[in-house]
Amino acid sequence: MNKQTLITGFPRIGAKRELKKALESYWAGQSTKTELQQVAAELRKKQWLFQKEQGIDLISCNDFSLYDNMLDTIVMLNAIPERFQTISDPVERYFAMARGCSTAVALEMTKWFNTNYHYLVPELNDQLEFSLNATKIIAEYQEAKRLGITPKINLIGPLTFLGLAKTAEGADTYQYFEKVLGVYQELMQELAQLDELVYVQIEEPLFVKNPNQKQLDLLEKAYQQLAGVSGRIRLIVTTYFEHSSEATAVLAKTPAWGIGLDFIYGPQNMASLDLIKDKKLVAGVVDGKNIWRNDDEAALSLLHEISQKVNKEQIIIATSCSLLHVPYGLANEPESEIKKWLSFAEEKVAEVVLLKKLFHAEQLSLEDEAEKNQNRMVLAAKKDSQLINNKEFLQKMKGITQIEREGTFTERSALQKRLFKLPQLPTTTIGSFPQTREIRRLRSAFKQKLIANEEYEAGIKKYIDDCVAFQEEIGLDVLVHGEPERNDMVEYFGEMLQGFHFTTNGWVQSYGSRCVKPPIIYGDISRPAPMTVQWITYAQKITEKIMKGMLTGPVTILNWSFVRNDKPRAEVSRQIAVALSEEITDLQAAGIKIIQVDEAAFKEGYPLREEDITAYERWAVANFKLAVSTADKETQIHTHMCYSEFNDIIKTIEAMDADVITIETARSGNEILQIFQEIGYQNEVGPGVYDIHSPRVPTVTELVEQITALTQVLPREQLWINPDCGLKTRKWDEVKPALQNMMLAVTKVRAIKTQVLV
Ligand code: GLN
Ligand code: ZN
């Protein structure tokens with residue numbers, strides 16, 4: 001049968017986060033391994049049968065994972081770091097690598113390209129044996145066969161595996177290329193035994209990031225060999241999230257059966273089509289990464305354009321990437337106008353199938369015909385919807401002329417120093433204090449309308465009172481209110497702004513059992529009323545010290561949301577910036593002197609292609625500056641970023657021109673700060689002096705050392721002393737001694753005179 005449709009991967013977590021619940025219950029010792037495996041098998045079965053029933057030709061297996069598919073690849077290659085090798089039970093060992101155990105720390109985790117999914121980073125060294133363990137792959141294949149499905153097998157490719165791995169000394173990971181490739185070859189041989197014809201889709205997203213010649217040479221070598229292992233294997237090599245022109249040129253020369261390309265986020269892939277002649281083209285034309293209903297007319301014209309270059313029969317219609325990055329399905333969402341505009345994983349599967357029928361001009365069933373008409377109607381109605389067309393608003397946006405605040409840093413700083421009279425090495429925290437069970441309960445009761453406004457407000461005030469009292473008691477200089485009213489730093493603002501939609505069940509896997517429910521930005525963003533003024537001014541009233549206002553920045557709100565696709569991201573972020581600038585005006589008018597605008601996700605938004613970086617930096621900085629443009633010279637603007645690596649973006653950070661930036665700490669404060677010193681950074685910096693991600697309480701001695709080390713790199717006048725991130729995930733009995741020690745340490749360092757060593 002001619003294969004015409006394919007899905008690269010499906011969400012694993014389940015429509016109702018069944019996998020999350022099963023994992024957490026297993027980890028808590030409340031269920032058995034068998035019970036966990038049963039839930040996993042049920043989830044696979046459900047989505048396999050769903051795809052089959054919808055009519056997908058190439059349905060994946062091995063896209064499922066109990067935790068992460070990079071971790072599965074580590075297991076497949078038997079690249080288990082030594083510290084886990086003593087754990088004999090494979091499931092226990094697997095979770096120990098993911099989450100750590102009493103004898104070993106977990107593997108490092110980091111973001112998968114430009115998504116919010118996190119993978120576990122392979123650790124490679126000479127001791128690893130690299131041998132094949134195909135148990136999981138073969139078991140899933142057989143499982144699908146028993147359900148009457150001949151699946152394609154999904155794998156992370158050898159080059160992406162090596163490219164994302166790390167070695168202890170930072171040595172080249174490609175030195176293990178031969179060994180790793182050897183295992184993949186063996187795997188192909190084994191897979192070739194499974195059936196007369198076996199479809200294998202290997203994902204190589206590494207190649208969307210400006211590959212170098214060495215990577216391309218290895219790519220050619222790898223697929224010359226892998227695609228040549230057996231005539232029974234039909235090998236597809238797939239990239240996504242961007243174009244991969246360099247790799248396509250290489251892959252075209254190999255005997256791979258098919259090449260998968262993303263035409264949504266990599267339109268430049270269109271230019272490579274001449275190369276694909278004798279191969280199958282997996283054409284990613286339905287957005288797999290965003291949640292908007294497919295515009296089938298647009299997708300069809302894309303397909304027609306593709307078919308100018310590639311024979312129609314060679315085209316396999318697909319989503320642009322795995323559906324892992326979108327929620328499971330719309331079935332459990334309440335009805336609303338916006339719901340009609342959306343498409344989650346299940347809907348996307350149906351979209352691919354309908355598109356195939358339209359593309360091949362197949363006779364449509366009555367149902368298909370209805371779906372097609374519905375689609376066109378909804379999209380037409382959306383274009384004119386009141387919800388996204390607000391002329392007054394657009395007029396207002398045009399009228400915005402102030403794009404940055406007045407005064408140079410030197411001018412502002414002189415004014416602020418005179419006004420604030422802060423001591424040397426001023427101390428502060430990043431914003432949140434522990435989110436206790438009581439405070440979560442209070443918020444949720446209020447949300448569900450189980451308690452009255454008065455009771456809720458009294459509860460929040462009580463938290464703020466205690467939080468402020470504690471900060472005063474230990475002598476912090478710039479206080480925060482503790483953020484008890486916020487569930488999440490983006491959701492809180494999204495709920496108060498117009499243009500945001502919140503799903504009830506739109507969960508997306510972030511890592512392991514951890515899911516996030518990103519807000520959906522569907523329309524123009526505006527601020528009907530102040531968002532933070534009430535709580536910040538309350539907090540300011542109960543203290544003589546300066547209370548810091550706390551906002552989330554325009555780039556971070558954008559990067560942690562699903563964003564409308566009918567306007568450029570830069571423009572959406574600009575609208576958020578304007579809303580925030582209005583909030584700053586109100587905070588100032590209410591007497592707030594210091595305002596922090598968090599940009600925790602600033603770095604996450606960086607484009608995958610080098611050539612696009614300048615444009616991103618330009619609008620991201622411009623929007624940050626626009627957000628704070630209403631701040632008077634006397635108002636001190638802080639920003640916070642959850643990173644410690646600033647080397648490559650330091651000029652951009654400098655251009656943001658925040659009066660103070662607080663950042664995440666690395667092992668040695670000296671190292672991170674070096675770059676600020678090297679470029680002659682003028683504004684103030686608060687390098688986190690201890691790691692809040694660990695429950696460990698730092699001692700006064702080590703904090704004195706840490707702070708002293710900082711003062712050896714930057715002048716004391718330029719430094720702030722603070723923890724390295726918000727304290728919301730910690731407990732009060734960890735936070736209290738830690739901050740007390742921080743204050744004791746600062747007092748000691750203030751008393752010693754040291755010189756800046758250059
Ligand atoms: N103000 C936020 C907090 O303290 C900042 C958190 C973050 O940047 N991740 O929680
Ligand atoms: Zn942080």
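Just follow the structure's listing: the first ligand is 1, and inside any ligand the first atom is 1. Numbers for residues simply follow the sequence, beginning at 1.
- Contact atoms of ligand 1 toward C642: 7 (C), 8 (O), 9 (N) (distance under 4.0 Å to a heavy atom of the residue).
- Near G726, with a cut-off below 4.0 Å to any heavy atom, the atoms of ligand 1 are 3 (C), 4 (O), 10 (O).
- Listed by atom number, the atoms of ligand 1 under 4.0 Å from C725 heavy atoms are 7 (C), 9 (N).
- The angle that C725 SG and H640 NE2 make at the Zn ion (ligand 2), rounded to 10°, works out to 120°.
- Contact atoms of ligand 1 toward G431: 4 (O) (distance under 4.0 Å to a heavy atom of the residue).
- Those atoms of ligand 1 that come under 4.0 Å of a heavy atom in D598, given as number and element, are 1 (N), 2 (C), 5 (C).
- By the 4.5 Å heavy-atom criterion applied to side chains, F493 and I576 are not counted as neighbours.
- Shown are R569, R574, K567; of these, the salt bridge (charged side-chain N to carboxylate O under 4.0 Å, His left out) with E571 is made only by R574.
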Given W507 and Y328, is the ring pair (Phe, Tyr, Trp, His ring centres under 6.0 Å) satisfied, shown in steps?
-> CA-CA 7 Å; W507 296 100; Y328 198 96; over 10 Å; no

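- Within the listing of ligand 1, atoms 7 (C), 8 (O), 9 (N) sit less than 4.0 angstrom from a heavy atom of A600.
- Interface atoms of ligand 1 facing M489, defined by a heavy-atom separation under 4.0 Å, are 6 (C), 7 (C), 8 (O), 9 (N).
- A tilted orientation is assigned to the rings of Y67 and W27, their planes being inclined by 30° to 60°.
- The protein heavy atom nearest to atom 8 (O) of ligand 1 is H640 CD2, 3.1 Å.
- No side-chain donor-acceptor contact under 3.5 Å links Q498 and R527.
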side-chain contact (heavy atoms from CB on, under 4.5 Å) between R405 and R412, intermediate numbers included = CA-CA 10 Å; R405 59 195 301 217; R412 298 187 316 247; 3.3 Å; yes

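- Residue contacts with ligand 1, taken as heavy atom pairs separated by less than 4.0 Å, do not involve M641 at all.
- Under 4.0 Å from ligand 1, heavy atoms of S432 appear from its side chain as well as its backbone.
- With 3.5 Å as the limit, one finds a donor-acceptor pair spanning the side chains of W720 and E684.
- Polar contact with ligand 1: absent for Q596 (N/O pair, distance under 3.5 Å).
- A salt bridge links D466 to K462: one of the charged nitrogens lies within less than 4.0 Å of a carboxylate oxygen.
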